[in-house]
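Comments concern the structure below.
Labels below follow one simple rule: chain letters A, B, ... track the order of the sequence lines, proteins then strands, and each chain is numbered from 1. These values consider heavy atoms only, across backbone and side chains, with no hydrogens, waters or symmetry-generated copies.
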Amino acid sequence: MNKVTVRQLFKDATSYMNQRIQVSGWVRTIRDSKSFGFIELNDGSFFNNLQIVIDDSLSNFAEVVKLGVGSAIVVDGLLVESPGAKQPFELKAEQVHIEGECPPEYPLQKKRHSFEFLRTIAHLRPRTNTFSAVFRIRSLAAYAIHKYFQERNFVYVHTPIITGSDCEGAGEMFRVTTLDPKNPPLTDTGEVNFKEDFFGRETNLTVSGQLEVETYCMAFRNVYTFGPTFRAENSNTARHAAEFWMIEPEMAFATLEDDMELAEDMLKYLINYCLEHAPEEMSFFNNFIDKGLFDRLENVVNSEFAHVTYTEAIELLKKANTSFDYPVEWGKDLQTEHERYLTEQIFKKPVFVTDYPKDIKAFYMRMNDDEKTVAAMDCLVPGVGEIIGGSQREERLDRLEKRMAELKLKPEDYWWYLDIRKYGGTKHAGFGLGFERAIMYITGMSNIRDVVSFPRTVKSADF
RNA sequence: UCCUCGAUAGCUCAACGGUAGAGCACCCGGCUGUUAACCGGGUGGUUGUUGGUUCGAAUCCAACUCGGGGAGCCA
């Protein structure tokens, strides 16, 4: 028997029309009458279901009709054109083999469930329309990111997950240790003695691969990391997870302008790739998750991103005919409401805000000639706000050391990072894109917990 | 961490100080082209936890737990 996936059928129905084929998958719903019935079968290969027509000529008709939603079956039958309006073709079953029954207590019903409930059954939710679509997009997007960078000869660098650099400054870290928490070895002064720990020092899960990837940038010119990162921040929002993936490209001999060009181009490529390669899923999101999704994505893909300096943005916000909850003032970071006003009301498209005051940005960002601002950029998009943050890095050793001293960072903790400036340093720039936030933006899903297979958030690490 | 809303049947919700209910799911029956199938009947509850107020609490109060939305921090 010719084994076929539902994807093959939908992509090339004519090759299989009026042929005897075998499909296998899971029952999404059964509608039955006295002597015939219909099964909606999803085989995982494609977003849409295949309609199976069954009748009492089947030896096990009575048994098949009683199958619960979620049952696994293998069907032999004839592919025919469907008289029904909702599907182009259907499979007239000649034999239905029951692989795995699904009892009535199966939590998924054929009606809509709340996302909150589905989070409690994260092991079953990929079987629903929404999560099937989300995780196929997530898979495609991950591939598209590699494809984008590989086609441009960026080298993929696996930066470490366990890191000994405890001062990346990007947030609270998760400790990695094999010491017994009830009885740790102590030093003479009564502190925990990490010299006796597995690595002989304090180690943590990485909060960013940037510092490490910068070192490979000085060897391969254009590089990127794409992997998990961890933040032990007590952030309780729909946009934060303790474990998330980041894309961090880094380019040598590049300026902030090159950096923004890359960010804009990559974002557009990513969106186009998903629209092109998962049209069924994307239409589903546009119809059922976020009615304005296509308009928003097309606006991003077809517009030149706006550019504005932080200082100009402050002026624009001060002139804005709106009262903000937080005051607009040069030197203070832009609040969420300010960012959204800029991108949604003033520019109505993605916008790069550049050249922030040095005091609200990281130590490694390149000092501008005005000595007050640094060559940083945030990319703000309508609907979400900040999606990308990047900068040109400070390549001048003396300036970097001076800045670190101001911030009371110990040079010995960064000896290898400073070496990069010492030995053939060049100007370079990069950015970080939160993968989950990109997926949220592309799908219209509004909670990060619903774009991660098994999300880890504050007080929650089930599965 | 702060503000705010919420937790009632397997799911989605109603009942707002006086007998805990509906739709869906599930079970039984009917139906020869359904598509969130339809029609009839039925099963299903320690009202998140603990304590308090009251003749009486799902309902009012307090604490806790968990969840939603917003904010901070950020990606």
Side-chain angles (χ1 to χ4, degrees), chain A residues 28-41 48-57 65-66 68-70 80 82-87 90 92 102-121 124 128-129 169-172 207-210 228-248 288 324-326 332-340 360-362 378-381 384-390 431-441 446-452 457-460 462:
Chain A
R28 282 288 176 84
T29 157
I30 295 184
R31 298 177 290 271
D32 70 289
S33 278
K34 190 176 183 178
S35 57
F36 69 97
F38 302 92
I39 298 174
E40 292 284 331
L41 190 78
N48 298 25
N49 301 322
L50 174 66
Q51 174 160 286
I52 312 280
V53 186
I54 51 173
D55 61 40
D56 54 8
S57 67
V65 157
K66 288 205 164 151
V69 170
V80 295
S82 175
K86 299 219 172 169
Q87 59 280 321
E90 61 193 19
K92 194 119 182 63
C102 194
E105 64 265 26
Y106 184 56
L108 292 175
Q109 59 181 50
K110 45 190 170 185
K111 280 186 74 166
R112 208 181 158 276
H113 288 287
S114 66
F115 291 153
E116 291 81 9
F117 170 66
L118 291 171
R119 274 172 219 151
T120 67
I121 48 168
L124 300 175
T128 64
N129 284 336
E172 293 295 311
V207 293
S208 162
Q210 185 201 311
T229 48
F230 307 86
R231 306 265 169 101
E233 299 283 357
N234 188 14
S235 297
N236 295 285
T237 81
R239 302 179 57 216
H240 289 84
E243 177 181 323
F244 64 100
W245 283 53
M246 268 215 292
I247 299 130
E248 295 175 289
F288 295 104
F324 294 111
D325 291 337
Y326 290 84
K332 287 196 171 158
D333 209 352
L334 297 176
Q335 302 293 315
T336 300
E337 57 175 348
H338 304 145
E339 293 183 342
R340 295 191 63 156
I360 57 173
K361 287 294 177 183
D378 282 358
C379 180
L380 313 178
V381 292
V384 167
E386 184 186 335
I387 193 166
I388 287 174
F431 63 81
L433 167 64
F435 185 53
E436 282 77 8
R437 289 193 183 170
I439 300 299
M440 290 167 73
Y441 194 67
S446 54
N447 195 309
I448 197 167
R449 284 164 254 252
D450 297 328
V451 300
V452 180
T457 53
V458 180
K459 295 273 187 293
S460 173
D462 293 332

Legend entry - Basic-acidic side-chain contact under 4.0 Å: Lys92(A), Asp55(A): yes

Inset, instruction - Answer yes or no: does a side-chain N or O of Arg119(A) lie under 4.0 Å from OP1 or OP2 of rG68(B)? - result: yes

Legend entry - For atom CD of Gln109(A) and atom P of rC13(B), their distance in whole Å: 12 Å

Legend entry - Mate of rU53(B) where both pairing distances stay under 3.5 Å, Watson-Crick or G-U: none

Inset, instruction - Assign Lys92(A) to base, sugar-phosphate, or nothing according to its heavy-atom contacts below 4.0 angstrom with the strands shown. - result: nothing

Legend entry - Per Arg449(A) side chain, nearest of listed nucleotides rU34(B), rG68(B), rC74(B): rG68(B)

Inset, instruction - With heavy atoms under 4.0 Å as the rule, sort Lys34(A) into base, sugar-phosphate or nothing. - result: base

Inset, instruction - Check whether any side-chain N or O of Ser33(A) sits under 4.0 Å from OP1 or OP2 of rU34(B), and answer yes or no. - result: no

Inset, instruction - Figure out the CG/C1' separation between Leu108(A) and rC11(B), and round it to whole Å. - result: 10 Å

Legend entry - Sugar-phosphate, base or nothing in reach of Ala438(A), heavy atoms under 4.0 Å: nothing

Inset, instruction - Let me know the distance between CD of Glu233(A) and C1' of rC73(B), rounded to the nearest Å. - result: 6 Å

Legend entry - Euclidean distance, atom CG of residue Asp56(A) to atom C1' of rC31(B) [Å, nearest integer]: 13 Å

Legend entry - Side-chain N or O of Lys110(A) closer than 4.0 Å to phosphate OP1/OP2 of rC26(B): no

Legend entry - Heavy-atom donor-acceptor pair, His240(A) side-chain to rC74(B) base, under 3.5 Å: yes

Legend entry - Flag, side chain of Arg231(A) to backbone of Val207(A), donor-acceptor distance under 3.5 Å: yes

Inset, instruction - Measure from CZ on Phe117(A) to P on rA25(B) and round the result to the nearest Å. - result: 15 Å

Inset, instruction - Take the angle between the ring planes of Phe117(A) and His113(A) and call it parallel below 30°, perpendicular above 60°, tilted in between. - result: tilted

Inset, instruction - Using a cut-off of strictly less than 4.0 Å, decide whether Gln335(A) has a side-chain nitrogen or oxygen near OP1 or OP2 of rG72(B). - result: yes

Inset, instruction - Please state whether the phosphate of rG72(B), meaning OP1 or OP2, lies under 4.0 angstrom from any side-chain nitrogen or oxygen of Ser235(A). - result: no

Legend entry - Under 4.0 angstrom between Arg239(A) side-chain N/O and rG70(B) OP1 or OP2: no

Inset, instruction - Identify whether any heavy atom of Asp32(A) sits under 4.0 Å from a base atom; if not, whether one sits that close to sugar-phosphate; answer base, sugar-phosphate or nothing. - result: base

Inset, instruction - Tell me what Glu337(A) touches on the nucleic acid: a base, only sugar-phosphate, or nothing, going by heavy atoms under 4.0 Å. - result: nothing

Inset, instruction - Using a 4.0 Å heavy-atom cut-off across all strands, classify Ser114(A) as base, sugar-phosphate, or nothing. - result: sugar-phosphate

Inset, instruction - Kindly point out which of rU32(B), rG72(B), rC11(B) is positioned nearest to the side chain of Phe36(A)? - result: rU32(B)

Legend entry - Nearest to side-chain heavy atoms of Glu90(A), which nucleotide of rC74(B), rU12(B), rU34(B): rU34(B)

Inset, instruction - Look through every strand shown and name the nucleotide pairing with rC16(B) as Watson-Crick or G-U wobble, where both distances are under 3.5 Å. - result: none

Legend entry - Nearest to side-chain heavy atoms of Lys86(A), which nucleotide of rA36(B), rC74(B), rG67(B): rA36(B)

Legend entry - From CZ (Phe431(A)) to CD1 (Ile247(A)), nearest 0.5 Å: 8.0 Å

Inset, instruction - Select one nucleotide: of rC28(B), rC24(B), rG33(B), the one nearest the side-chain heavy atoms of Lys111(A). - result: rC24(B)

Legend entry - Donor-acceptor contact below 3.5 Å, side chain Thr237(A) vs main chain Arg239(A): yes

Inset, instruction - Tell me what Gly84(A) touches on the nucleic acid: a base, only sugar-phosphate, or nothing, going by heavy atoms under 4.0 Å. - result: base

Inset, instruction - Give the nucleotide from the list rU1(B), rG72(B), rG67(B) with an atom nearest to the side chain of Tyr326(A). - result: rG72(B)

Inset, instruction - Answer yes or no: is there a donor N or O on one side and an acceptor on the other, between the side chain of Gln51(A) and the main chain of Glu90(A), under 3.5 Å? - result: no

Legend entry - Short side-chain to backbone donor-acceptor contact, Thr457(A) and Ala241(A), under 3.5 Å: no

Inset, instruction - Please give the nucleotide sitting opposite rC66(B) as a Watson-Crick or G-U wobble pair, both distances under 3.5 Å, or none. - result: rG6(B)

Inset, instruction - Please determine, for rC38(B), whether a Watson-Crick or G-U wobble partner exists with both distances under 3.5 Å, and give it or none. - result: rG30(B)

Inset, instruction - Compare side-chain N and O positions of Lys459(A) against OP1 and OP2 of rU1(B) and report whether any pair is under 4.0 Å apart. - result: no

Legend entry - For atom CD of Glu116(A) and atom P of rG48(B), their distance in whole Å: 17 Å

Legend entry - Spacing between Asp325(A) atom CG and rC2(B) atom P, to the nearest angstrom: 20 Å

Inset, instruction - Please confirm whether the backbone N or O of Phe324(A) pairs with a side-chain atom of His338(A), one donor and one acceptor, at under 3.5 Å? - result: no

Inset, instruction - Identify whether any heavy atom of Pro107(A) sits under 4.0 Å from a base atom; if not, whether one sits that close to sugar-phosphate; answer base, sugar-phosphate or nothing. - result: nothing

Inset, instruction - Give a yes/no on whether any side-chain N or O of Asn236(A) is located under 4.0 angstrom from OP1 or OP2 of rC2(B). - result: no

Inset, instruction - Please state how far atom NZ in Lys361(A) lies from atom C1' in rC73(B), giving the value in whole angstrom units. - result: 12 Å

